[in-house]
Structures are given as C-alpha cells and as structure tokens.
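Notes follow once the structure below has been shown.
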Amino acid sequence: MIKVEARFRLPPLAMRRTHCAALMTGTMLIQVSAFCPAALARGAVVGKAHAYSASKAAPAPAPVAVRPAANPARARTLSPGTESIQVKGGTGSATGVTNTTPGGGLLAVEHAPQAIQTVTRDFIAKQSPTSNPLSLIQYVPGVTLSNADAFGQSNQSSFYMRGMTQTSVGYTINGIPAADTSNYVPYTSQVADTENIQKLSVEQGVADITLPVYNAVAGSIRQTMLDPADHAGGLTTLSYGNHQASREFVRLDSGEIGHSGVKAFASYSYGTHAMWLGPGRARRSHVDSMLLKEWGKGNSARFFLTYNQASEPYLLSISMKDWKQYGRSAAYYDPTYTPGDYNYYRLNAQQTHSLILGAPLVFNLGHRLTLTTSPYYVHIQGAFNNGQTQSEYGYNGTQPTGNLNIPGAVDGDAPVMAVDYSNQQAGGLNTVLSWKSGHNELQAGYWYNYYDQTEIAPLTQIGANGEGENFWGKYPIRGADGTALMQFNIHLIQQLNALFVSDTYKLFQDRVTLNAGFKYVMLSYSSTNLIPGDQYHYGRSDTQPLPQVSASWQVTPNDQIYLDAATAFKEPQGVLVYATYWDGSAPYPAQAGSTNLKAQYSISEEIGYRHKGLVTLSASFFNYNSTNRQSSISTYVGGRLLANYINAGGQTSRGFQSALGLRPWHGFSPYVSFQYLHVTTDNNLPRGTDYIRSAGKIAPYSPKYTVNVGVSYDNGHFFANGYMSYVSSQYSTYMDDEKMPGYALGNVTAGYRFKSFWLAKYPQIQVNAMNVSDRKYLSAGNGGLNAKSTTGVFGSTIAGRAPTYIVGGGFGLVFSLTSGF
C-alpha cells in the first residue's frame, strides 16, 4: 500500500456547492467534487481525488480510499480554505494492476439485471502476455475453454458457453462486431494484444439489446480496449518460454497533444514459437492504435485500429481409438516431405490477415439526450489449406477437365495442396439515441451491416520441396480449356437492418428497476456459385422479432435480486450452408450444402442474486428452450476437415452457476466458480432415411459440472496466483455412445514488481506456467450422431461413425520482463 498526503484549496464557503458527495468506508475509487461540512464534522474530508485509470500505460496516482481524519477537531481549525487529508491507495504499477477487484480481478461488481461477469486488469495483466481473450475468461462460470496450444493464442482454440459452441456467442470490441461474419467464430487472437485490453465482460445468456450481434443465443463477450494515457510514455514487454517461444511488445502514448484534448497510442508486437505438438512454427504480428478526443460534458470520439497477421500449422483431429493407442503423437502431421505425401505439415496450415477499424462516438445533445454512433469496417482474409490427392483426369464440378498434367502422379493420382481462400469485408453503423427523464430512460436505435465475401477452393501443384506453388492459390491447376480447377467458388452478400427500442424505469428510490425491450432484425442473403453443375444462385430473407424483459430489486445497498427473460436467434453459418463442396476427381459433390436449414431461435429465463462487500457473490438459475438447434458434424473429406451442418431439432438447457470472490484482504484474494448443466436433445435426429433415437439424450459437449478454484496474492511488490479448472466428462455424440473424459488443469503465476528508477516505471519480472502438470487430455470434439451401430426408429441398422477430437494444450512456460517508461 502507498500513502499520500494531499492539500486541497477550497473556494470560499459561499461559493461551495450545497450538496454533499456520498462517502463510503473501505477501499473505493472516488471522484469527489463537492465540499461537505456534515462529512467533515464526522472526520472526513471531501476534495477532488484523481483515481488511477487502467487505461493509462504510464504510471498514475493509485486508487484511493477515504479515511476519517485522525483528529476531526484539528481538521476544522486549519487555515480557511485549506484542508488536509490522508489517503491510502492500491498498488502502483505500469500494467494497470490496482488490486481492487474482488476475486483477483475475475469478479468486478455488477448491477445489470442479468448474468454478467467482468474480468479486469487485476487478472489480465498477471496472465501470460501470449494469452488471447479466450484464455482470459476461462474461469468465468459457464465458459469451457478448448485450448489447442501451450500458450493460449492459437486460432484452433475454441470454447463453449453453457453447453453451446462459440459460434452461438456474440463478440464485440469497443462495441464493434469482431467475429467472422460468415461462421461467427470469434478469432480473438486477432483482436488486441493482452497489454491493451482494459476489461472483458461475459454476458451469459442474454446479450445487451443494443449490441450489433445476431448469433448470441448463448450470450456475448464484450472486449474493451485501454484508452490512450493522459501523459506521454509507454510500456514494453519481452517474453521467452519453452518451445522456443519469444514475444516482443512496445506501446507508445502521446499524452495530450498540445492543449487540444487529443490523446493517442500505438503498439506493435511480434510473437513466435515452435508448435508444442508436431513440426512447424506459429507466428503473429500485431498492431493496435487509438485516437481519443473528449470535450464538454459527456462528449467523446474514438478512432481505433487493430491489424493482425498470423500463420500456424494445423494439428490433426483424432479418433478416440487413436488417442488411446498413440496419445498426443497421433495429432500431428509429417515433419519431412516424401514424394506423394500430402500429410506434410507445410501443406496443412493457415495464414490470416485481419483489419478492424471503428469509431465509437458519443454526443451529449442536451435536454437529457445522448447519441452514440459507431461506424466500423472489418476485413478478414485467409488461406486455410490442406493436402490431398487428385486424379490426373479430373472434374471441375460436373465438367471433365481433360489431362491435368500434374507432376508426380502415381497410378493416376498425385498429391496437391487444396486451398481455401476467403476474403470478407463487412461495414456498418450502429446508432443508439438515449433520453433520460426523471426515473425513466428510453433508448431507440438502428443497426445496419453490409457483408461481402468471396471464398474459393482451388487446387495447386506441389513442388519438389513439398510446398504448394502459392499458399494463397494464385497459380491453380488448370484443365485443358484453361479453367481453374476448384472445389467451390462462392460469392456471398448479406445485408442486415435491425431496429430496437428499450425502456428502463426505476421506482421506490431507484431500488427497483424494470426494463422492456424489443429488437426486430431483417436479414437477406444472396450467393452465387460458379462451379459447373452446381446451383448458380441461392437467396433467402429472414426476419426475427426479439423481445426481452428484466427486473431487479436492490434489497439492501449490497444485495440485489434480478430476473430476465429474453429471445435470441442465430442464422445458419458458413458458406457451405449455401453451396456444395465438389470432389475434383469425380463429377459429384464430396459434401452437399445444407440450404434447408432454418434459423435457431431460443427463449431463455433466469433468476439471480448478487452480494457485494468484503465477499462478492453472484449466483443464478437459468433455463433455455431452443428450436432448430444448429449443430455441425466435422469429418475429413480428402485431407480437409469439413463441417456438415444439421438441424438438431429442439434442445432444453437448464442449470445453476455461481462465482464467489474476496476483495483483496492483506494481499489475498481467493476465487471460486461453479456450474451445473443439464442439456437434453428433444428430438430424434435424421440419419439417412431413418432417425436415431436421440430424444431425451444428454446433448454433446455439455459437461455436467465445471469448477474453478484459485487464489491471488499481491503485496505491491511480490505477486502470485494459482488457478485450477475441472471439467467433467462430456458425451461426444447425440446417442451418448462415446464420451470424452473429464480433466483438471492448473495454471500458476509468480512475479516481482520493483520501484521506479531512472526511465523505468515499475519494472517487473513475471513467470507464467500453463497446464503445470502437463496433463494429457482431449479438450473438444467435432461432433457425431452415433459412434456405434444402432437400430433406427424405423428399424433399419444405422452404421456408426467415430467422432474426432482436438488434443488439449500441453505445458507452457513463459518468462516476461515488463516496464513502463
């Protein structure tokens, strides 16, 4: 703890404001601007204190706690206009750690009438700098992380929320939609470095009605970046670890430029490591920047940019049989190339480039009116490639190609690289107008989104070194007529218009809050496929009415009860929903599209309780009912893992979740969270001409129990924490005839924060160990209807198909040196 003694020159009594600021005992962040004689008489002094903001990269005053004056009588006898106070504050650091958030930064105090949990800098800054946002929310109840690497930054990692996949979770950064618009995957490693994340808010169940998302049947994740610092400076981090890991980060803050009120920052990072399992290296280059202008009362303009380049070899998804027989070694591709080998690791990899631009603007229009508008642009392009074989005499759809003259052919077949190149652009505007009058707040808004995607799948030759002629498919194999050989060639355009209105009313001295909202979403799709023999055009339009209501009762200043009921929907995902994946060696599809899918629609109810104080507690019971549940079953077609999307009928999800954390006490801050989940499939599902008997079965990948336990310690210099997660076993098929074993993982952090000296501001050393026991486990699966042969509803024998699994990340160790300047 640090002590600060400050003196405030107050105006003459006649000019002082007549109202008194409320004072709280204990540690708290304050911004007090009024003088209160009544409070002074009780031994407290009210002045203006500048709280530490986690958005500042440069050191700033720490959060302060008001304490009674040691001698109130003496305080009143000081010279007129001058008062003396003594304050105690939280930790001073260059990374934004304040040690004020309960649960070690995992359980910030919330008041919204819905399940929501926010992770702050107190936790984020103490995790490995290689972490992506998925690994930063893994201890939030309801979240089950499927980690595919040792450092928490792989795009092959994913998560489930309350038994639903990550594609059922809306994802925004600074209010801007940031997930892949086609398949809804939140490629979180592409969006903001860990050092630039101020907080992550996880809304389990109900997404805020103003959020620009349309797939949030399981809730949403809201990521907020740090603002530019008030003063010039910066932050630098150097990290090294096992598997030849290294990462460098630097951030520069301009401070206020002149007296313009404009502040800016820019940062760059580069990280690389050898694949923890199998051959190859992962690489990531990243840029974040923001420009901020604030003026008047409640007016602000931000412009931010985040740009990312990444490359990474794949890991194989493996069957349970291979896992039991070979373990981890079954999951990686061949390290060296031999002629004819399409399992060479350089053929099975991905490269991505992404750019996100956003400009959240807030205007105080007067007359209790506030306008918030957020224009944005998102561009994501990538190549997701695999090796496979191709016949010398192939087919472009149903059209013969003639002799393709592929070198290296043996018995009429040759290894090739199958490219999947996607180029997508999305732009839009989300606008909210808010009007406050007395105890009432009315919001109305409009969201428009335009999305354009081109995705092609050319085949390209392999050179003598085992690599494709061009990773991005610029030099495809061509038929006798010069036409490029492709497995699909899709162009998709989507337009979205959404209108929403929400009204919030407070009564009984603001102890009771009532809210009702309605959102109406209008979507239109138009896609074309240029493969000969395929359906050239596919289009559809959809509208979805989405009402929601909520209420909360502040029973005491520290206790709240809330309930909510909401609706949500999710459109079918992925371009292969609208088109067919063709076999380049035969005149028929390798996998047909799923153009008959309907939007998933869900109705949810929840009742919850919160308590804040020395102990912070959050708990809720929830219930979901979904129709047209969207699910995918992934299998290898050629060398590519393809998702076959199905309508899984109805689904019922019920459960209980809770989280408990202690406000830092003598440096210690323990945390525990728990979820019980019961998810059932309501229908028998089609398989061929029959149906499997899946009604009433436990739905795949919905663990019955998840538990997180941990403790954080920080005395201002030495800090350490340790967290353990337990995930119970999960079924991997809709027939519950194969199960993924449960597992427990532990992560540990330790570090030391030094005093500032010369140009170094609060330099620190830190070590992070992930999966400290190197637990060998399967973290997720690719789904399946039935693993074993079964008798269908109509009496036919339905053959089993083994699901495949993703191997969980192994032991990772990262040493970091960080300093402000």
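Small disclaimer: the values here were computed from a predicted structure and weren't measured.
- Under the 4.0 Å criterion applied to side-chain N and carboxylate O atoms, Asp193 and Arg284 are assigned as salt-bridge partners.
- Leu134 is listed as a side-chain neighbour of Leu145, based on a closest heavy-atom distance under 4.5 Å.
- More than 12 non-hydrogen atoms from other residues, nucleotides or ligands lie less than 6.0 angstrom from CZ of Arg540.
- Looking only at atom types and distance, the side chain of Gln495 has a donor-acceptor partner in the side chain of Tyr448 under 3.5 Å away.
- Put simply, the side chain of His537 reaches to within 4.5 Å of the side chain of Thr528, judged on heavy atoms.
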Show the atom names and distances, to 0.1 Å, of all donor-acceptor pairs under 3.5 Å that link a side chain in residues 460-472 to residues at least two apart or in another chain.
unit_1	atom_1	unit_2	atom_2	d
Thr460	OG1	Tyr475	O	3.0
Asn465	OD1	Glu467	N	3.1
Asn470	OD1	Trp472	N	2.9
Asn470	OD1	Gly473	N	3.1
Asn470	OD1	Lys474	N	3.1

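- In this structure, the side chain of Asn782 does not engage the main chain of Thr635 through any donor-acceptor pair within 3.5 Å.
- Inspection of the Lys697 and Thr733 side chains reveals no N or O donor paired with an N or O acceptor under 3.5 Å.
- More than 12 heavy atoms of other residues, nucleotides or ligands lie within 6.0 Å of OH in Tyr421, so this atom counts as buried by the packing criterion.
- Shown here for Tyr734 and Ser631, the closest heavy-atom pair between the two residues is OH-OG, 2.7 Å.
- A side-chain donor-acceptor contact under 3.5 Å links Gln156 to the backbone of Pro313.
- By the 6.0 Å contact criterion, OH on Tyr691 is open, its count of non-hydrogen atoms from other residues, nucleotides or ligands being 12 or less.
- Side-chain contact, Tyr393 with Asn403: a donor N or O sits under 3.5 Å from an acceptor N or O.
- A donor-acceptor pair shorter than 3.5 Å can be found between the side chains of Asp542 and Gln544.
- With hydrogens and angles left out, the side-chain atoms of Ser189 and His286 include no donor and acceptor closer than 3.5 Å.
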